[in-house]
Amino acid sequence: MRKSLFYIVFFLCIGLSILGFYSIEKHIIILPFLGEKLIAICMTIVFIQSFYLFTKKDNSKAYANVPKNNQKNEKKSLKSSVKLEDVAGLEEVKEEIMEIADFIVNTEKYKKIGAKVPKGILLYGPPGTGKTLLASALAGETNTEFIVASGSEFMEKYVGVGAKRVRELFEKAKEKSPCIIFIDEIDAIGTKRSEEGQSEVNQTLNQLLTEMDGFKLEEEEVILVIGATNRIDILDTALLRPGRFDKHIYIGNPNKIAREQILKVHTKNKPLSKDVNLESIAIKTHGLSGAHISSIVNEAAILAVRNHRDQLIQEDFDNAIERVIAGLKIKNSTVTENEKKIVSFHEAGHALVGNLLNIHAIEKISIIPTSQALGYVLNASSEDKYLYTKNDLLKKVQSILAGRAAEEVAFGEVTTGAKDDLSKATDIILGMICEYGMSDLGNRTFNTKMIYGNMKEINKELKKIIDQCYEDTLQLLHEHKTCLIAIAEYLFINETLTGEELNKIIQKYSN
Ligand SMILES: Nc1ncnc2c1ncn2[C@@H]1O[C@H](COP(=O)(O)OP(=O)(O)OP(=O)(O)O)[C@@H](O)[C@H]1O
Ligand SMILES: [Zn+2]
């Protein structure tokens with residue numbers, strides 16, 4: 001509106017000036033009010049407007065280089081045909097997703113009672129584990145529009161373009177409500193904001209935060225934003241706050257049972273020969289993701305065609321596994337059977353000692369490799385504790401050393417797998433000696449200078465405490481060796497173990 005008024009005045013003034021000059025030149029009166037004064041005013045206005053037009057920062061030029069289809073960021077929304085039955089394994093996650101589906105389908109029910117419908121869910125975990133698949137299954141189950149975007153497509157070298165695209169994305173979503181926006185690789189826009197530089201990243205993230213805070217939805221409108229990332233650790237904490245992505249769901253690599261289920265889903269429409277044993281394929285694909293398994297099945301089918309067979313045989317799968325694993329070269333992607341056995345004992349040791357010394361409730365034990373470790377014990381979050389007795393700390397050290405001790409009890413020798421454990425145990429004991437006055441060196445602290453001055457005594461004390469803890473742990477594990485073996489065997493076969501299953505095994509063997 002303001003723009004058109006600008007041009008009306010501009011052309012009107014040009015017209016009047018031309019008419020004015022013409023009438024002066026020809027000595028005729030075209031318009032009675034068109035005197036020299038008015039001509040001068042019109043020319044001044046034209047001059048000012050032309051000056052403005054030439055000097056104005058031309059934003060449209062900046063956008064001109066942005067590829068045409070991106071300029072409008074035309075996002076297609078679509079109905080997803082994926083259903084939860086297409087997502088194999090991930091039983092607990094599926095349950096959570098079904099609860100969220102109920103929020104979307106029966107919004108009224110929740111709004112009536114004053115319950116807030118979740119705005120954002122963050123799915124995080126290693127690549128290829130089915131995050132995208134889950135989001136589209138949620139859209140499929142609820143029959144809602146599904147808008148897919150990727151964090152990287154909001155990143156442009158032109159400042160402001162990313163923010164504009166985020167705005168357009170949400171406008172589109174409001175039109176399509178009820179709708180699910182899926183933003184893959186959200187870390188591309190959601191990294192921690194920097195003080196200076198990277199203003200494009202900052203602006204785009206700020207826009208996303210504003211949109212999520214502000215989506216002022218009409219009564220019947222429902223928009224759910226699902227973000228996916230492999231790197232939750234680098235996300236800006238502002239994104240994870242309540243009201244934004246406040247629900248975080250971890251999606252890890254599948255265990256053996258889940259891998260077998262994924263194999264079943266992906267071989268459903270493929271002719272398999274009788275010799276194909278999905279369980280044995282599941283065992284051989286330890287540490288691989290759902291995406292890897294899907295490509296193994298596809299590779300096996302290609303091999304069958306190449307060999308002029310109309311059925312997939314076990315050999316096709318074995319060769320496909322080799323090819324996929326060889327092509328991966330990912331650290332920890334798969335471990336040998338022997339390593340898997342050692343890791344089973346190592347993690348069983350941590351879990352058993354943690355339980356026997358009553359340190360913390362255990363939620364889950366896993367020997368599925370991640371990029372950080374070959375296995376892990378996940379503690380159930382208990383209430384925060386700020387004060388520890390000397391005995392608490394010694395027990396903690398024992399549970400940390402229990403991985404290595406279990407290796408020694410089972411195999412008579414230790415591996416390099418306890419590197420991190422040793423460094424954690426050392427840190428705790430150094431704290432006991434130098435910060436908390438909990439050693440035979442007395443009720444005192446040591447500052448850095450003093451540590452250098454008393455290095456020998458501190459080292460001696462450290463060795464004494466850590467050796468004693470290790471001895472105690474070894475003894476405890478020897479006493480409960482049958483139980484240790486039972487846990488390790490269960491882990492070896494099933495790859496994951498819940499706290500409940502662990503308690504059952506311990507109860508069975510400790511009587
Ligand atoms: N649980 C599963 N059940 C069935 N198929 C799966 C499962 N997990 C992964 N897949 C297969 O792997 C493919 C890739 O999965 P998806 O794209 O959902 O992974 P992602 O976690 O989003 O990966 P990224 O983090 O790399 O984006 C899927 O299309 C599917 O074929
Ligand atoms: Zn360990």
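One-based numbering, in listed order, for ligands and for the atoms of each.
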Closest to atom 9 (C) of ligand 1 among Ser136, Gly128, Ser295, Ala137 (heavy-atom distance)
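Comparing heavy atoms across Ser136, Gly128, Ser295, Ala137, the nearest one to atom 9 (C) of ligand 1 lies in Gly128.
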So which heavy atom in the protein is nearest [atom], and how far is it from that ligand atom?
atom	value
atom 17 (O) of ligand 1	Thr132 OG1, 3.5 Å
atom 3 (N) of ligand 1	Ala88 N, 2.9 Å
atom 27 (O) of ligand 1	Asp184 OD2, 3.5 Å
atom 5 (N) of ligand 1	His266 NE2, 2.9 Å
atom 6 (C) of ligand 1	Leu133 CD2, 3.5 Å

Just distances here: any N/O of Gly130 and N/O of ligand 1 closer than 3.5 Å?
yes
When you measure from the heavy atoms of Glu185 to every atom of ligand 1, does any distance fall below 4.0 Å?
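The answer is no: ligand 1 sits nowhere under 4.0 Å from a heavy atom of Glu185.
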Does Ile293 come within less than 4.0 angstrom of ligand 1, counting non-hydrogen atoms of the residue?
no
N/O/S atom of Asp421 inside 2.8 Å of the Zn ion (ligand 2), strictly under
yes
Evaluate the side chain to side chain donor-acceptor pair (under 3.5 Å) criterion for residues His350 and Asp421: first the C-alpha distance (whole Å), next the side-chain angles of each, then the deciding distance (0.1 Å), finally the verdict.
CA-CA 10 Å; His350 283 308; Asp421 293 339; 3.1 Å; yes
Counting each atom of ligand 1 from 1 as listed, which ones have a heavy atom of Thr129 under 4.0 Å away?
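Those atoms are 8 (N), 9 (C), 19 (O), 20 (P), 21 (O).
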Can you list the steps and then say if Asp275 with Ser273 is a side chain to side chain donor-acceptor pair (under 3.5 Å)?
CA-CA 6 Å; Asp275 76 323; Ser273 110; 2.2 Å; yes
